[in-house]
Amino acid sequence: MTNRSADVEAKWQERWYSVGINESEADSRPKFMMIFAYPGVTGYLHVGHMRGYTYVDAITRYLRMIGLNVLFPVGTHATGNGAISLANRIRSRDPGTIEYLLANGCPEEEIANLGDPVKVVDFFNEIYVTQYWKRFGFLADWRRFTCTIYPDYQKFIQWQFRKLKDGGLLVQKPYFAPACVECGPVAVDASETDLQKGGRAETVEYSLLKFKCEDMFLVAATLRPETVYGQTNFWVNPDVEYVKVAKDGETWVISRPSYEKMRYQMDGLTVIGTIHGKKLVGKKCTAPVIHREIPVLPASFCNPDVGTGLVTSVPSDAPDDWIALRMLQENDVLLIEYGLRPEDVREIRPIPIIDSKGWGPLPAVEITKRMGISDIADSRLEEAKKIIYRDGFHTGRMNENCGEYAGMPVEKAKEMIRDFMISSGEAEIFYDLSEEVICRCGRPVVIRRVPDQWFIDYSNAELTKNSKDQAESMHILPSEYHTNIQGVLDWFRERACVRQGNWLGTRFPFDDKWIIEAISDSTLYPIYYLVSKYFNEDKLKLENLTEVFFDHVFLDIGDPADVSITTGVEIELLKRIRSDVEYWYPLDINLGGKEHMTVHFPAFLMNHVGVLPQKYWPKGIFVNWYIIGKLGKISKSKGGAEPIPGAAEHFGVDPMRLYYTHIASPFADVEWDEEAVENYKGRIERISKTVEELKALPEGVEIASIDNWLLSRISSRVKTVRECMKEFDLRTMANEIYFEMLSDIKWYMRRGGGNGNVAGEVLDVWIRLMAPITPHCAEEIWEGMNRDRFVSLADFPTPVESGIRLEIEEAEEYLKNVITDINEILRVTEISPKRICLYTSPNWKQRIFENGLQMARENRLSIPGITKTTMSDPILKKRGKDAADFARKVAEGLMKRSRSDMDRLARSFDEFRYLAESSAFIAKEIGCEVKVYSEDDPDAYDPQSKAKTSVPRRPAIFVE
RNA sequence: GCAGGGGUAGCCAAGCUUGGCCAAAGGCGCAAGGCUUAGGACCUUGUCCCGAAGGGGUCCGUGCGUUCAAAUCGCACCCCCUGCACCA
């Protein structure tokens, strides 16, 4: 099936690109450089992604038309293991993956080629550019396309890191990060890009407490080091075999699974034997900090997979401990079986240590009683634990049993006690994941210590200060984010910037074993678009892209002649690139989704501030919200959303562009709704039809008042559009052009407007207004009007100030209100009208009204005041009480009005004349005879004396 | 938990910064009428409740409060979404 709209789209895209109107070169005009944060190429995109991209194209098209020299470059991000894992799945013919590829239109024969990650990246790069961006008619400068795994881009990234190091912004220190035991570092996050399961896991920090027991240390893991003062006994699982591990000359007893995990965090651990839990029961051990001997007791709830499988017991604040203790105390048979003396165990009492809001001294005892928990197997213990932990942490204070920490908030004591125990050698730190995490490869993910990790030091005080100052001066949308980014920049700390493992990306220039990670290599890149063009055109070679080269073109270091010799780059080309940078930079807007607010945008800003001179620091950020699926977020990795090329074919590109820009504020999530897109399609068709009607109107007709109304209206709308676009408010722009203007034109025709010359003038404006959002259909109409060149290159309309006649617009509003009033009367009374009489207010009423209005606008309106003014006017005074009463009524009415109403009411026109001229129209609308009188017309037909109720701007109405 | 963003008529969605024609734009849906051979096309009108005269009543998550006046400002509460760092 041939699709006409697809043909039209292809035709114009072909013409634009063949002439190169999308290509940008420096010249004497003011410039504007805008990008969207490039996407990661880890699969197909869906219709939701096009929202932000469309904003950039529409905004830059607008800015071109108002006379700016615009640069809109695009690229892609391929760093990471997304492409690798996709290639792996394709190689192994994973059915889900194959189905996903085919569903998105990947040719069957292509699949065999996609087993190689680099091929995957190339494949998707091609799709992004041709099937998404060109297909949507973007005027991006394709010559500058780049991708993070291209060798030239990598030269640039290496330069960036050299500069960060020069600036003292790279630091090295140990780090604990999730890693697959096989593949190396992985991201643990809800999207589970790297994972098979466990995306919701969090990294938890345990304190390992060491309990001296004979020649061993029993090592318990706890999340609550501050509770050491409440320790009463030690728990061991009698059914588990523990391992003895040599650690720095000590012998530690821990569970085997915990040893397997701990190996990745501590050096020199060796298993030297095993010991059964049962054997430990009944021994005594020395608790850290309090240095008391406590008994080792049996407990089935000690899970070898959690922590170390050994637990210190704090029955005052740990519901598990309390219930386990109580059950044991009541079970003599069991106690004797373990060789424990029942009276010793029964002697154990919880020790109160924390006072928290809403709880007595022993919260664990209290909550289990309240919830009726009496068995250690009760699943509600988990919830009880959470509640006590939460309340204790946030509202608790250590009590008098806690030595020097007495009185201290738990939040603070926790850290201090932990640090104290570490320094005294009684504790160490151990990280674990809160649930099981499995890598895509099927092996477990653990927390691994990386001893020599490199970080970018975003906590650097000067960098933070400069970035915050810059953010303050930037144009950041939405404005809430302009405020909030200050806090984000403060909160931004050191960030690991390199990693090892199976990973696409750039080699760290100071140590080859590292690869620069995915966020750090995508922060400064907009400036690289100014170089990539020359590399893509083969004017630069890889070996030219040295530190000296980048220092020169980006930082203006060195004399061109010297640099030319050192780098082998033609001196003219060097000068050219240098001046391009000087012209195009800084970046004016970086647009990206809301997920970027806490990571990418601050990193983007801080890298610019850290590496480049102040004049190149970015000027703006635009954050857009998502198009979401009916069942939550449309996910790139999970698929399920309509593929972009299919949607473009089905709905047409312009309807989709209009949908994105108009459906809602950019700062709100919107549910993808095909029916809505269909409606936008219908609207564009309606506009096309209206255009044809306007073109068919005869020329050389005399100008009527409705013509002036339309011209005024159009200019007012152009003015609104230009005003709102200062804030890149595409939604208001779309609303004015595709909704309000259409209804203006419809009203014009309904009112009998039909002047071909006026229509031509209006059309000329209207089409140009449409060019940024629906460029294909605008071009098509433009061509149909025999205009030269492209409407995309035309000037954006300017309002004709002299044509804006607000009093005419106001009069038309008045007419609409009169018709509304008549309709309401007809509806309520259910009269089938034979005749309608309208009575406009007489001069004396108007005079009072004008006086009142003037007083109100000067903020001096009062009832006594207006009465006085009225009575001091000899003409009005003759009206006596009527005038005074009317004056009071006017004043009461006006005092409720807003400033803008006052302005509107001040636009005066002759009501009687206007209604009289429009009576034929009203008659046609209502379907009966319409007579217009002035209230004081002695010959007026007024059988029910309605006329006297007239008020300025509110004629009296009589229906019969 | 911490931080940010939200809750508006049947649905979607403006309005909230700068309180006042706000019963609250616009779109969708629905209803009636028109136009049509027909239409899922288009045009008009209506779409919280009451009303035989353009009026009145109630309403913007819930509850208080400030004010002559609150969808808009303040406080408290309930519910939803996002981010929290090697996914960009």
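Just so it is clear: chains get the letters A, B, ... in the order the sequence lines come, proteins before strands, and each one is counted from 1. These numbers were taken from a predicted model, which means no experiment stands behind them.
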With sequence neighbours left out, what residues match [X] under ring-ring contact (aromatic ring centres under 6.0 Å, His included)?
X: A:His482; result: none
X: A:Tyr738; result: none
X: A:Phe393; result: none
X: A:Tyr264; result: none

Between A:Arg750 and B:rG34, is there a side-chain N or O to OP1/OP2 distance below 4.0 Å?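 Checking B:rG34 against A:Arg750, no side-chain N or O comes under 4.0 Å of OP1 or OP2.
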Mind checking the [atom1] distance from [N] to [M]? Whole angstroms is fine.
N: B:rG40; M: B:rA52; atom1: C1'; answer: 39 Å
N: B:rC2; M: B:rC75; atom1: C1'; answer: 22 Å
N: B:rG51; M: B:rU36; atom1: C1'; answer: 37 Å
N: B:rC22; M: B:rG29; atom1: C1'; answer: 23 Å

Sequence neighbours excluded, every pair satisfying salt bridge (Lys or Arg N to Asp or Glu O under 4.0 Å) that has a member inside residues 734-743 of chain A: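 Sorted result for residues 734-743 of chain A: A:Arg717-A:Glu736, A:Arg717-A:Glu740.
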Closest-nucleotide mapping onto RNA chain B: is A:Ala664 or A:Asn484 further toward the 5' terminus? I mean the 5' end.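 In this pair, the answer is A:Asn484.
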Pairing partner of [N] (Watson-Crick or G-U wobble, both distances under 3.5 Å):
N: B:rC77; answer: B:rG61
N: B:rG1; answer: B:rC84
N: B:rC35; answer: none

Distances for protein N/O vs nucleotides 25-28 of chain B N/O pairs under 3.5 angstrom?
from	atom 1	to	atom 2	distance (Å)
B:rC28	O2'	A:Glu675	OE1	3.2

Give the nucleotide from the list B:rA85, B:rG4, B:rA88 with an atom nearest to the side chain of A:Ser522.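 The nucleotide sitting nearest to the side chain is B:rA88.
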[X] has an atom [atom1]; how far is it from atom [atom2] of [N], in whole Å?
X: A:Asp669; N: B:rG4; atom1: CG; atom2: C1'; answer: 13 Å
X: A:Glu925; N: B:rC43; atom1: CD; atom2: P; answer: 14 Å
X: A:Glu671; N: B:rC81; atom1: CD; atom2: P; answer: 13 Å
X: A:Glu678; N: B:rA41; atom1: CD; atom2: P; answer: 12 Å

Below 3.5 Å between N/O atoms, which protein atoms pair up with nucleotides 46-55 of chain B? Just atom names and distances, please.
from	atom 1	to	atom 2	distance (Å)
B:rG51	O6	A:Arg827	NH2	3.4
B:rA52	O4'	A:Val828	O	3.2
B:rA53	N6	A:Val959	O	2.8
B:rA53	N1	A:Val959	N	3.1
B:rG54	O2'	A:Asp821	OD1	2.8
B:rG54	O2'	A:Arg954	NH2	3.2
B:rG54	N1	A:Pro955	O	3.1
B:rG54	N2	A:Asp821	OD2	3.2
B:rG54	N2	A:Pro955	O	2.9
B:rG54	N3	A:Asp821	OD2	3.4
B:rG55	OP1	A:Arg954	NH1	3.2
B:rG55	OP1	A:Arg954	NH2	3.2

Quick one: salt bridge (charged side-chain N to carboxylate O under 4.0 Å, His left out) partners of A:Lys834, sequence neighbours excluded?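 If we apply the salt bridge (charged side-chain N to carboxylate O under 4.0 Å, His left out) test to A:Lys834, skipping adjacent residues, there are no hits.
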Has A:Lys816 got more than 12 heavy atoms of other residues, nucleotides or ligands less than 6.0 Å from its NZ?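 Counting neighbours around NZ of A:Lys816, more than 12 heavy atoms of other residues, nucleotides or ligands fall under 6.0 Å, so yes.
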Decide side-chain hydrogen bond (donor to acceptor under 3.5 Å, both in side chains) for A:Glu595 and A:Tyr626; before the verdict, give the C-alpha distance in whole Å, the side-chain angles of both, and the deciding distance to 0.1 Å. CA-CA 9 Å; A:Glu595 76 277 17; A:Tyr626 305 141; 2.9 Å; yes
Review item, side-chain donor-acceptor pairs of residues 448-456 of chain A, under 3.5 Å, at least two apart:
from	atom 1	to	atom 2	distance (Å)
A:Asp452	OD2	A:Lys513	NZ	2.8
A:Gln453	NE2	A:Val498	O	2.8

